[in-house]
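The structure follows.
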Amino acid sequence: MKDGNSTWDVEMVRAQLHRMVDDVEPSPDALPKLLAGSRRKKAPRRRPLFAAIGAVAVAAVALVVALVVMPGQQQPTPVSAQPNSYLATLEPGVIASFDIFSGQQNGVLADVPGADPEVLTTDRNRVLAATSTADGRQLVEIAADGAQQVLPGPAGDLRLLAAGGGRIAYRDADSVVLLRGGQQQRIALPAGMRVDDLALSDDGQLALLAAEPGRDQASVLVLARDATSLAGRVEAESDDCGPVAITWSGRDIAALEPPACGAGQARVATYAAESGRKIGAGVPFRTPELAVGTVRMSADPLGRFLISTGGRGQWLVDGSAVRPLPPACTGDGICATGPGTFWS
């Protein structure tokens, strides 16, 4: 038969443990009080039992403190990785994180002298920016902790920049340049081809929004993985007006396009990368007239799209729900002059 006092002691400690775990903000003296009470109640013959219970109490309190943290204390996290946030560049070259729904600044990722507010892209745990220096235009890679490095090698005008799958793509004269590590690969473009946007998938597959020579309307071109030329490209179906921006969404290509020319509306259409077939048209939403080069579209891991312009509005597209977003501004009223981009 169990000792009555022993059973009562165990139940007392268990009840106190439950109260502590249920309270997500345990008081600083909770553990000392519990251990002191246990010591007063335990007898020498029950020492092994209460040693085990004490260990459980310590572990439980440690777990609560580790998971919950005390009020006002948070584990440091990269500002760009916060939930519901995106990146944008403030003048003069401050790259900061902003809250999607309020537009308020979360924090500063990096200060990059000469950073172009119109050119910013991300690839998982790194950010790529273009900067103007005495040596010309250069690429700057920024880590999640804010550390910066200038990438070696010549660069083009860098007005078109994409990153994904460990690769970087940019337009340079009559080529699209692909960088991976220290290796550079050039994909030659036909004379007269206009390239309006670039996108790289999570595994580094390249897509272009481009107009073939002699055509005004751009279409989406998807290159084969590890392609060294435009040969074998897949051209996506295109409506009359053509897309103005592209990004990858999982294995598919998403394109921002007007549902009708000059209608003051836009929608996010989805295309199968393997065939170019349109698999989704998206819900139209009202916008100012958007032209290529003035708007950036990016996707987050939840499948949402950030449609962002430099001062002409931005929108969050989440399935059939479209929400206008406030501009990215600091508490002092300084707002980003270029479009923002999701941290992908």
Side-chain angles (χ1 to χ4, degrees), residues 69-134 137-150 158-159 161 163 245 247 285-291 293-300 302 304-318 322-344:
V69 189
M70 303 305 277
Q73 299 177 355
Q74 292 183 350
Q75 294 297 321
T77 58
V79 295
S80 54
Q82 294 184 16
N84 288 325
S85 67
Y86 63 97
L87 298 178
T89 304
L90 302 166
E91 295 285 3
V94 176
I95 299 174
S97 168
F98 297 87
D99 180 75
I100 289 177
F101 301 112
S102 68
Q104 295 179 345
Q105 180 179 320
N106 293 323
V108 172
L109 175 66
D111 186 350
V112 182
D116 187 340
E118 302 289 334
V119 183
L120 186 68
T121 191
T122 65
D123 178 16
R124 296 189 182 274
N125 62 346
R126 63 176 179 166
V127 178
L128 282 304
T131 182
S132 298
T133 69
R137 300 273 280 181
Q138 292 183 316
L139 274 174
V140 178
E141 179 180 293
I142 307 156
D145 61 1
Q148 303 175 34
Q149 65 169 332
V150 176
L158 295 177
R159 285 176 292 178
L161 180 65
T247 191
F285 55 98
R286 188 161 297 280
T287 68
E289 187 172 351
L290 301 177
T294 65
V295 58
R296 177 183 294 126
M297 179 168 63
S298 56
D300 73 355
L302 300 178
R304 302 179 299 180
F305 299 98
L306 174 64
I307 312 299
S308 184
T309 68
R312 302 191 68 198
Q314 51 187 8
W315 300 264
L316 179 67
V317 179
D318 185 2
V322 180
R323 177 172 181 165
L325 300 178
C329 298
T330 68
D332 298 329
I334 302 173
C335 299
T337 57
T341 182
F342 267 135
W343 173 264
S344 56

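Hydrogens, waters and symmetry mates play no part in the numbers below; they use all other heavy atoms, side chains included. This is a predicted model, so every value here is computed, not measured.
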- Query: Of the non-hydrogen atoms in A163 and T121, which two are nearest, and what is the gap between them?
  - Reply: N-OG1, 3.8 Å
Contacts under 3.5 angstrom, residues 107-115 side chains, donor-acceptor by atom type, not counting sequence neighbours:
none

- Message: Rounded at 0.5 Å granularity, tell me how far CG in D99 sits from CD in Q105.
- Response: 11.5 Å
- Task: Let me see the working for V127 and T341 under side chain to side chain contact (heavy atoms under 4.5 Å, CB included), right down to the final yes or no.
- Result: CA-CA 10 Å; V127 178; T341 182; over 6 Å; no
- Query: So do P339 and E118 actually touch side chain to side chain, heavy atoms under 4.5 Å?
  - Reply: yes
- Query: In Å and rounded to the nearest 0.5 Å, what is the CZ to OH distance from F342 to Y86?
  - Reply: 9.5 Å
- Tell me, do L158 and D116 make a side-chain contact under 4.5 Å, heavy atoms counted? no
- Item | Pairwise distance CD1(I95) to CD(Q148) - rounded to 0.5 angstrom | 7.5 Å
- Query: T330 versus V94: any side-chain heavy-atom pair under 4.5 Å?
  - Reply: no
- Assess whether atom CD of Q149 is packed by more than 12 heavy atoms of other residues, nucleotides or ligands within 6.0 Å. yes
- Item | R126 to E141 - nearest heavy-atom pair and separation | NH1-OE1, 2.7 Å
- Heavy-atom side-chain contact between I100 and R304 under 4.5 Å: yes
- Message: Can you tell me how far apart CG (L120) and OG1 (T89) are? Round to the nearest 0.5 Å.
- Response: 4.5 Å
- Please name the residue in the list V150, T133, L128 that meets the side chain to side chain contact (heavy atoms under 4.5 Å, CB included) test with V140. V150
- Item | Within-4.5 Å side-chain heavy-atom neighbours: M297 and V317 | no
- Item | salt bridge (Lys or Arg N to Asp or Glu O under 4.0 Å) involving E91 - partner list, sequence neighbours excluded | none
- Main-chain N/O of G340 paired with S308 side-chain donor or acceptor, under 3.5 Å: yes
- Message: Which heavy atom of S85 sits nearest to which heavy atom of N106, and what is that distance?
- Response: CB-ND2, 3.4 Å
- Task: Indicate the atoms forming the closest heavy-atom contact of C335 with L90, along with that distance.
- Result: C-CD2, 3.6 Å
- I307 side, atom CD1; R296 side, atom CZ - distance, nearest 0.5 Å: 11.5 Å
- Do side-chain atoms of T294 reach the backbone of T309 as a donor and acceptor pair under 3.5 angstrom? no
- Item | Inter-residue atom distance W343.CH2 - D300.CG, 0.5 Å rounding | 13.5 Å
- Note on the structure: Between I142 and A129 the two heavy atoms that sit nearest each other are CD1-CB, 4.5 Å
- Task: Can you see which heavy atom on Q314 is nearest to which on P326, and at what distance?
- Result: NE2-O, 2.8 Å
